[in-house]
Protein chains: 2
Amino acid sequence: MKKTTENTLYDVAELFKNFADSTRIRILHCLFENERSVNEIADLLNMNQSAISHQLRILKNSKLVKNRREGKTIYYSLDDDHVYNIICQGIEHVEE
Amino acid sequence: MKKTTENTLYDVAELFKNFADSTRIRILHCLFENERSVNEIADLLNMNQSAISHQLRILKNSKLVKNRREGKTIYYSLDDDHVYNIICQGIEHVEE
DNA sequence: AATATATATGAACAAGTGTTCATATATTCA
DNA sequence: TGAATATATGAACACTTGTTCATATATATT
């Protein structure tokens, strides 16, 4: 394995910050199967639209989700298999 | 795969909180090869002993590290292969 | 018992974070 | 163009978190 530098470890911490909030984990998890609109996500999680929108922006900036517009609606989906894998490994850990 | 409940996702977020701080990631990373004493860790990370001790308690409570006493010295080590694997996956993600 | 060394802990403080509210922007449809 | 719907954004606030300082506890040594 490549040598892990100090800087890499800072970036890893930054990455994990995204997964360190239950709202964001729930958002990411509900994107496991399908893409979903902002309002769908808000309904599913029973939270208000603004809160979801703020969190989606964080996930977007970190490139963990991507989105596409279709008319008025914006659909979000996971950007990367890594996201799925990291969360699955977290789930496995806590389910033991 | 087992059905993921809402509670599981909360626990997953709690788990990832441990990895969401660069001090804790650096502590865990420096335990990859060897167990290490508190002062060794503090020296390696160039941080004061109290800060390290506080963080080690958090990691201990979450069962990510374990420790053993040998005289005055307390040696910490990773508690679980999952910890190593999750961090490695994080490293791979950011190194791409 | 007294001293030195290793680690842990509590209080305090600064900095960061997530949600809400109000409002702005963008798109569609009548 | 005006109204309706979907999403985004900024400000404010409460809450959490990481570090430092001072000090406590535990062990070893003399």
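Each chain gets a letter, A, B and so on, in the order its sequence line appears, and its residues count up from 1.
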Could you label the plane-to-plane angle of the A:H93 and B:H82 rings as parallel, tilted or perpendicular, counting under 30° as parallel and over 60° as perpendicular?
perpendicular

More 5' along DNA chain C: A:I58 or B:R57, using each one's nearest nucleotide?
B:R57

Of A:H54 and B:A51, the one whose nearest nucleotide on DNA chain C sits closer to the 5' end is B:A51

If you measure from CD1 on B:I86 to CG on B:L15, what distance do you get to the nearest 0.5 Å?
5.0 Å

Using a 4.5 Å cut-off on heavy atoms from C-beta on, say whether the side chain of [Y] contacts that of [X].
X: A:I41; Y: A:L31; result: yes
X: B:F19; Y: B:V83; result: yes
X: A:R26; Y: A:M47; result: yes
X: A:E14; Y: A:Y10; result: no
X: B:I87; Y: B:F32; result: yes
X: A:I25; Y: B:F16; result: yes

Strand partner of D:dT30, provided both Watson-Crick or wobble distances fall under 3.5 Å
C:dA1

Does anything in [range] come within less than 4.0 Å of DNA chain C? Heavy atoms only, and list the residues if so.
range: residues 66-75 of chain B; value: B:K72, B:T73, B:I74
range: residues 13-34 of chain A; value: A:D21, A:T23, A:R24
range: residues 35-50 of chain B; value: B:S37, B:V38, B:N39, B:Q49, B:S50

Does B:Y84 belong to the same Ile/Leu/Val/Met/Phe/Trp/Tyr cluster as A:V94, with side-chain heavy atoms less than 4.5 Å apart forming each link?
yes

Mind calculating the distance between CD1 (B:I52) and C1' (D:dT19) to the nearest angstrom?
11 Å

Short side-chain donor-acceptor distance under 3.5 Å, A:T5 and A:T8:
yes

Sorted by chain and number, sequence neighbours left out, side-chain hydrogen bond (donor to acceptor under 3.5 Å, both in side chains) with B:Q89 holds for none

Exercise answer: donor-acceptor pairs, residues 60-68 of chain A side-chain atoms, under 3.5 Å, sequence neighbours excluded:
from  : atom 1 : to    : atom 2 : distance (Å)
A:N61 : ND2    : A:R57 : O      : 3.4
A:S62 : OG     : A:N18 : OD1    : 3.1
A:S62 : OG     : A:N18 : ND2    : 3.4
A:S62 : OG     : A:I58 : O      : 3.1
A:K66 : NZ     : A:L78 : O      : 3.4
A:N67 : ND2    : A:Y76 : OH     : 3.3
A:R68 : NE     : A:E35 : OE1    : 3.0
A:R68 : NE     : A:E35 : OE2    : 3.3
A:R68 : NH1    : A:E70 : OE1    : 2.7
A:R68 : NH2    : A:E35 : OE2    : 2.6
A:R68 : NH2    : A:E70 : OE1    : 3.0

On DNA chain C, reading 5' to 3', which nucleotide is the first and which the last to sit with an atom under 4.0 Å from a heavy atom of chain A, could you check?
C:dG18 to C:dT28

Is a donor on one side and an acceptor on the other found under 3.5 Å between the side chain of A:R24 and the backbone of A:K17?
yes

